[in-house]
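In what follows, a structure is listed as C-alpha cells, so that the remarks can point back to it.
Throughout, residue positions are numbered sequentially from 1 according to the sequence presented. Computed from heavy atoms alone, side chains included, the values below leave out hydrogens, waters and symmetry copies.
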Amino acid sequence: MTLKITWDEASARRTERQFLAVPARAGTPVADIVGAMLGAHAQVLSAAEVSVGVRADGVTRAEVRAALWEDRSLVKTYGPRGTVHLLPTAELPLWTAALTAIPSGRSPFAPAVRLTEEQADEVVAAIGDALDGARLTVDELSDEVVARTGPWAGELVMPAFQGMWPRWRQVMHRAGQRGALCFAPNRGRKVTYTRPPRFEPLAADEGLALLVRRYLRAYGPATPGHFAKWAAAPRGWATELFASLAGTGVIEEVDFEGPAWVVAGDTEFPGTPVRGVRLLPYFDAYAIAAQPRETLFPGPAYERALAGGQAGNFPVLLVDGVVAGVWHQRRQGLRTTVTVEPLERLPAARERELAEQVERVGDILEARAELVVGAVTAGPHA
C-alpha cells in the first residue's frame, strides 16, 4: 500500500530540515546550512545573508561573508536555474556534474547572436584560463576572452539593459556551472571574478542521482514536475530521470496529493504540524522549492506574494509554514525599519513572535531593527 503524506507532515519535515522550525545550533558551519538549503540565492547578497541567518543561532552577515571571502567554505557562482547562488565549496563536484547534465532550453537569442556549441566550449575554457589565479572585472575578463578566442567573441550583439554586451557573455552562467568562474570580492564598486579551487567533477549520472536525492530529502515529497521547475529543466526529461532512479531503487513513490516521490526509505515524518513565525527574504530557497505552490501560498497569498505565479520576488512572512504576508525593509545607517504587511490580522502572541523575528533580522544585518505592522492587505500590491 502506498504511503499517504499530508501537507502538514510534509511542511513540518521540510521546515525542520531547512532549520526553519528550530534554527541550527550556534557554531554550526555556515556551509552546512547552505548545503541543507541546496544553495542560497545571492543575486542580492544581503538576501542570502538573511536566508542563512534566520536558519542559525548567532549567525550574522559577517559570518556569511567570512565563509565566502576568507575561509572560502562558500563560493558565489551560477547555480540552479542559471542564477547566482552561494554554494558550499566542497559540493562543487556535485553541482558541476549535475547542472551541466541538465538539458538547457532553446536559446532566447536570435540565430545571428548565438554561439555554436564549439564556440561556447571555447569561451568557457578561455574564461577558466583567464581567471586562474586572477581577479578580473567583467571588462578585463572580456579583453582576455577575446584575446584567447577571437574577435567574434567580443562582437556587441547581445541585447542587455540599454546597451549591447559582447557575444561571449551569453554563456557566462555556463562557465560558473562548469567550475571555470566564480565571484571574487568587489574592487570598489566593481564586481570581480576569479576561478574556484580546482576539483574533479562527479560523473554526470552520479551527480544527477545525488542532486535528486538531496532535493527530495530537503523538499520532498515532490514530483518530477516540481523538480523540473526548481531546476529549470524540461519536464519530460525530469520524468525520465525519476523513472530511471525509481527503477534502480534510489527513490520510492508515495501519495502526496497524488503520486510523488521521496528518497527510498526516507519515510519518517513529524507527527505534529509546524508552528511559528518566520521572515524569509527575496528568493529564499524554501519559498521557491516547496510545492505545491498553491498550498504554500494559500488563498490571497497566491496573488499578493507571487509575481505571475513566480516565487521569490517578494520577501514573505511565514506563519505555521505557509505564506501569510509580505515584508520589506528600509535601512538608514545602523537602523532598519521592517514593515510587515500581513494578509490577516495577527493575534497578539503572533505579533510578539514577529517582533522577535524582526529583531533577529536586525542582528543578522548588524543593525537595530524596528517593526512596523502595515495595514492588512489581501490583494495585489497597489
Side-chain angles (χ1 to χ4, degrees), residues 29-45 47-49 51-52 61-102 104 120-145 147-149 153 168-187 190-204 206-208 210-211 214 231-232 283 285:
V30 169
D32 289 357
I33 298 162
V34 174
M37 299 166 63
L38 289 190
H41 192 280
Q43 189 71 42
V44 178
L45 184 57
E49 292 162 356
S51 274
V52 177
R61 65 178 183 176
E63 280 75 27
V64 177
R65 293 179 182 184
L68 181 58
W69 305 129
E70 296 175 20
D71 66 45
R72 301 304 299 268
S73 60
L74 292 179
V75 62
K76 181 181 177 184
T77 189
Y78 292 92
R81 304 176 299 283
T83 54
V84 179
H85 276 68
L86 302 185
L87 299 174
T89 306
E91 293 183 1
L92 287 178
L94 154 67
W95 285 104
T96 297
L99 293 177
T100 55
I102 294 173
S104 58
D121 290 342
E122 191 176 348
V123 167
V124 170
I127 289 171
D129 289 343
L131 292 177
D132 197 7
R135 292 181 178 178
L136 304 178
T137 67
V138 72
D139 291 335
E140 293 166 345
L141 179 57
S142 188
D143 290 341
E144 293 291 337
V145 169
R148 286 170 165 79
T149 55
W168 71 268
R169 287 192 63 174
Q170 62 191 274
V171 294
M172 197 168 182
H173 70 285
R174 192 182 301 190
Q177 292 179 332
R178 289 188 183 180
L181 169 150
C182 68
F183 289 76
N186 284 4
R187 188 190 302 164
K190 291 187 175 182
V191 174
T192 70
Y193 303 91
T194 189
R195 184 169 187 151
R198 298 276 184 169
F199 60 90
E200 187 67 31
L202 300 178
E206 182 183 0
L208 284 172
L210 181 54
L211 183 61
R214 291 279 303 278
F283 292 99

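Judged by distance alone, the side chain of Arg195 and the main-chain N or O of Leu131 form no donor-acceptor pair under 3.5 Å. Panel note: side chain Thr192, backbone Leu136; no donor-acceptor pair is recorded below 3.5 Å. Remark: the backbone N or O of Arg187 is not paired with any side-chain donor or acceptor of Arg135 at under 3.5 angstrom.
Closest heavy-atom contact between Ile102 and Ala231: CD1-CB, 4.0 Å. Residues Pro88 and Ala31 come closest through the heavy atom pair CG-O, 3.5 Å. When all heavy atoms of Ala204 and Ala101 are compared, the closest pair comes out as CB-CB, 4.0 Å. Here the closest heavy-atom approach between residue Thr137 and residue Tyr193 is recorded as C-CD1, 4.5 Å. Closest heavy-atom contact between Phe283 and His41: O-CB, 3.3 Å. Taking all atoms of both residues into account, the shortest heavy-atom contact from Ala97 to Gly207 is CB-CA, 4.1 Å.
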Which atom pairs, one a donor and one an acceptor, fall under 3.5 Å between side chains of residues 175-186 and the rest of the protein, sequence neighbours left out?
residue, atom, partner, partner atom, Å
Gln177, NE2, Gly79, O, 2.9
Arg178, NH1, Asp121, OD1, 2.8
Arg178, NH2, Asp121, OD1, 3.1

With a 3.5 Å cut-off and sequence neighbours excluded, list the donor-acceptor pairs that the side chains of residues 63-70 form with protein atoms.
residue, atom, partner, partner atom, Å
Glu63, OE1, Thr60, N, 2.8
Glu63, OE1, Thr60, OG1, 2.5
Arg65, NE, Glu49, OE2, 2.6
Arg65, NH2, Glu49, OE2, 3.2

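The line from CG of Leu94 to CG of Leu38 is 8.5 Å long, rounded to the nearest 0.5 Å. Within the model, atoms CG of Leu99 and CG of Leu87 stand 8.0 Å from one another, a figure rounded to the nearest 0.5 Å. Taken to the nearest 0.5 Å, the CH2 atom of Trp168 stands 5.0 Å off from the CD1 atom of Ile127.
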Is there a side-chain contact (heavy atoms from CB on, under 4.5 Å) between Thr77 and Trp95 once you walk through the steps? CA-CA 11 Å; Thr77 189; Trp95 285 104; over 6 Å; no

Check: Between Val84 and Tyr78, does a side-chain contact (heavy atoms from CB on, under 4.5 Å) hold up when you go through it step by step?
Finding: CA-CA 4 Å; Val84 179; Tyr78 292 92; 3.8 Å; yes

Run the numbers on Arg198 and Asp132 for side-chain contact (heavy atoms from CB on, under 4.5 Å), then give the verdict.
CA-CA 10 Å; Arg198 298 276 184 169; Asp132 197 7; 2.8 Å; yes

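Looking only at side-chain heavy atoms (C-beta outward), Pro197 and Thr89 come within less than 4.5 Å of each other.
Not counting sequence neighbours, the partners of Arg148 by the side chain to side chain contact (heavy atoms under 4.5 Å, CB included) test are Ala126, Asp129, Ala130, Glu144.
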